[in-house]
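Okay, here's the structure, questions in a sec.
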Amino acid sequence: MTTPAFGGEVSEFYQRFRRGYPPEAVDELAAAFTLTRDDVVLDLGCGTGQLTRVLTARTGAVLGMDPEPAMLARARQATSAPNVGRLLGADTDVSALSPLFGHGRLAAVTVARALHWMDHERLFSAVRPLLRPGGGIAVVTNGEPLWLQDTAWPAALRDVVSAYLGTPLRSTCGTDTASQERYAAALSAAGYAVDQRVVEYATTLTVEEIVGGVFSAMSPGRLPALDARPAFTDRVRAAVAPHAPLREAVRVRLLTGTR
Ligand SMILES: C[S@@+](CC[C@H](N)C(=O)[O-])C[C@H]1O[C@@H](n2cnc3c(N)ncnc32)[C@H](O)[C@@H]1O
């Protein structure tokens, strides 16, 4: 049931170094599904709760669901909001929630940076009967993986991390256009009305944030040993320093399917 990729120390890096979502992204979700204080939202693959936390301010209650206990434990530590619950479970467990939400009680299901771990076609079908009219499912990204971006410092970073792992870095984590089109087609085939919204923002990263972000994306077994981390950080610093300031233009994509 667990996803070893996010266990142990990786959950700590995830909580510390993965950025949250801008309020404008949640405004878009609230508008797409007309969220109110009477609504319940399920944040599936919630991880350490970056999206869950901003959703709590915009709806009645949010349930964060994730198969990795370490991620849920960090999520719990990261907020004291009174209207959050947490469930240990994966996409394949969503149907089991029907006694709770079977009569269309759920306003939305959000899947942020996590759909690439799931059987999306099966999930889209399983979610639909749980949704109230006007509710829906949102597939959310928060920029592209650092190592794939098409500017100078990410390219330098990519070389360092690929050399460390001994393999080229290719994973898009579902952020690429082909994946987004595949998800949109599957939503449509499952009977949803599909829409796409984008929120853009810019940020500047430190070397420590970049290294923390890289570690948050590694499985625990691939993290450098503790005593090797300073040297890894120095290699990243030397590679990206000529390209400072380390700016990132972030596109939050919100692919929505309304019931
Ligand atoms: C990259 S994190 C995203 C966390 C959070 N939603 C965010 O936007 O920061 C992916 C999360 O998906 C979870 N996950 C992996 N496989 C899953 C599955 N089959 N069903 C639900 N969640 C899953 C992982 O445990 C991890 O917490």
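Everything quoted here is computed from the prediction, not taken from an experiment. Read the numbers this way: they start at 1 and go in the same order the structure lists the ligands and their atoms. All values below come from the heavy atoms of this structure, side chains included, with hydrogens, waters and symmetry mates left out.
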**Prompt:** Under the side-chain hydrogen bond (donor to acceptor under 3.5 Å, both in side chains) criterion, do Y183 and R253 qualify, and how do the steps go?
**Reply:** CA-CA 12 Å; Y183 299 153; R253 294 210 216 197; over 6 Å; no
**Item:** Close N or O approach (D43, ligand 1; < 3.5 Å)
**Value:**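 No, since none of the N or O atoms of D43 sits under 3.5 Å from an N or O of ligand 1.
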**Y192 six-ring centre to R128 NZ/CZ under 6.0 Å and within 45° of normal** =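 Relative to the ring axis of Y192, which defines the angle, R128 lies inside both limits.
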**Item:** Best match, G45, A75, A5, G47: closest heavy atom to atom 6 (N) of ligand 1
**Value:**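 Ranked by closest heavy atom to atom 6 (N) of ligand 1, first place is G45.
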**Asked** In terms of atom number and element, which parts of ligand 1 are under 4.0 angstrom from non-hydrogen atoms of E68?
**Response**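 The atoms of ligand 1 under 4.0 Å from a heavy atom of E68 are 25 (O).
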**Message:** For ligand 1 and Y21, I'd like to know whether there is a polar contact (N/O to N/O, distance under 3.5 Å).
**Reply:**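 Checking ligand 1 against Y21, an N or O pair does fall under 3.5 Å apart.
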**Message:** Regarding ligand 1, does M118 bring an N or O atom to under 3.5 Å of one of the ligand's N or O atoms?
**Reply:**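 For ligand 1, there is no N or O atom that lies under 3.5 Å from one belonging to M118.
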**Request:** Evaluate the side chain to side chain contact (heavy atoms under 4.5 Å, CB included) criterion for residues E248 and Y201: first the C-alpha distance (whole Å), next the side-chain angles of each, then the deciding distance (0.1 Å), finally the verdict.
**Result:** CA-CA 9 Å; E248 185 185 2; Y201 64 95; over 6 Å; no
**Message:** Cation-pi check for F215 against R229: NZ or CZ below 6.0 Å from the six-membered ring centre and within 45 degrees of the axis, yes or no?
**Reply:**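 Yes, a cation-pi geometry.
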**Request:** Check each of A114, P67, P145, C46 against atom 14 (N) of ligand 1 and report the one with the nearest heavy atom.
**Result:**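 When every heavy atom of A114, P67, P145, C46 is considered, P67 comes closest to atom 14 (N) of ligand 1.
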**Request:** Identify which of F6, Y14, W117 has a heavy atom lying nearest to atom 16 (N) of ligand 1.
**Result:**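 It is W117 that holds the nearest heavy atom.
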**Asked** Heavy-atom count around R37 CZ within 6.0 Å, excluding the residue itself: above 12?
**Response**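 Yes - once you tally the heavy atoms of other residues, nucleotides and ligands closer than 6.0 Å, there are more than 12.
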**Prompt:** Do the charged groups of R237 and E208 touch, with an N to O distance under 4.0 Å?
**Reply:**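 Salt bridge flag = yes for E208 with R237.
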**Prompt:** Can you tell me if L51 has a non-hydrogen atom under 4.0 Å from ligand 1?
**Reply:**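 Flag not set, L51 not near ligand 1.
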**Asked** With ring centroids as reference points, do Y164 and F232 lie under 6.0 angstrom apart?
**Response**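 Under 6.0 Å, so yes.
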**Message:** Need the ligand 1 atom indices (1-based, order shown) with element for anything under 4.0 Å from a heavy-atom of M71.
**Reply:**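 Heavy-atom distances to M71 below 4.0 Å select 27 (O).
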**Cluster link V139 to V252, ILVMFWY, side chain under 4.5 Å** =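 No; tracing contacts between hydrophobic side chains, which count when under 4.5 Å, never links both residues.
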**Asked** Does any N or O atom in R18 lie less than 3.5 angstrom from one in ligand 1, N or O only?
**Response**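 It does not: no N or O of R18 is found under 3.5 Å from an N or O of ligand 1.
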**Message:** Taking distance alone, with N or O pairs closer than 3.5 Å, would you say D91 contacts ligand 1?
**Reply:**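 Yes.
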**Message:** Only heavy atoms of A112, strictly under 4.0 Å: list the atoms of ligand 1 that pass.
**Reply:**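 Within the 4.0 Å cut-off of A112, ligand 1 contributes 3 (C), 5 (C), 6 (N), 7 (C), 8 (O).
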**Prompt:** Does a salt bridge link D66 with R86, judged by any charged N lying under 4.0 Å from a carboxylate O?
**Reply:**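 No salt bridge links D66 with R86.
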**Item:** Under 3.5 Å: N/O of A90 near N/O of ligand 1
**Value:**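 There is no such contact.
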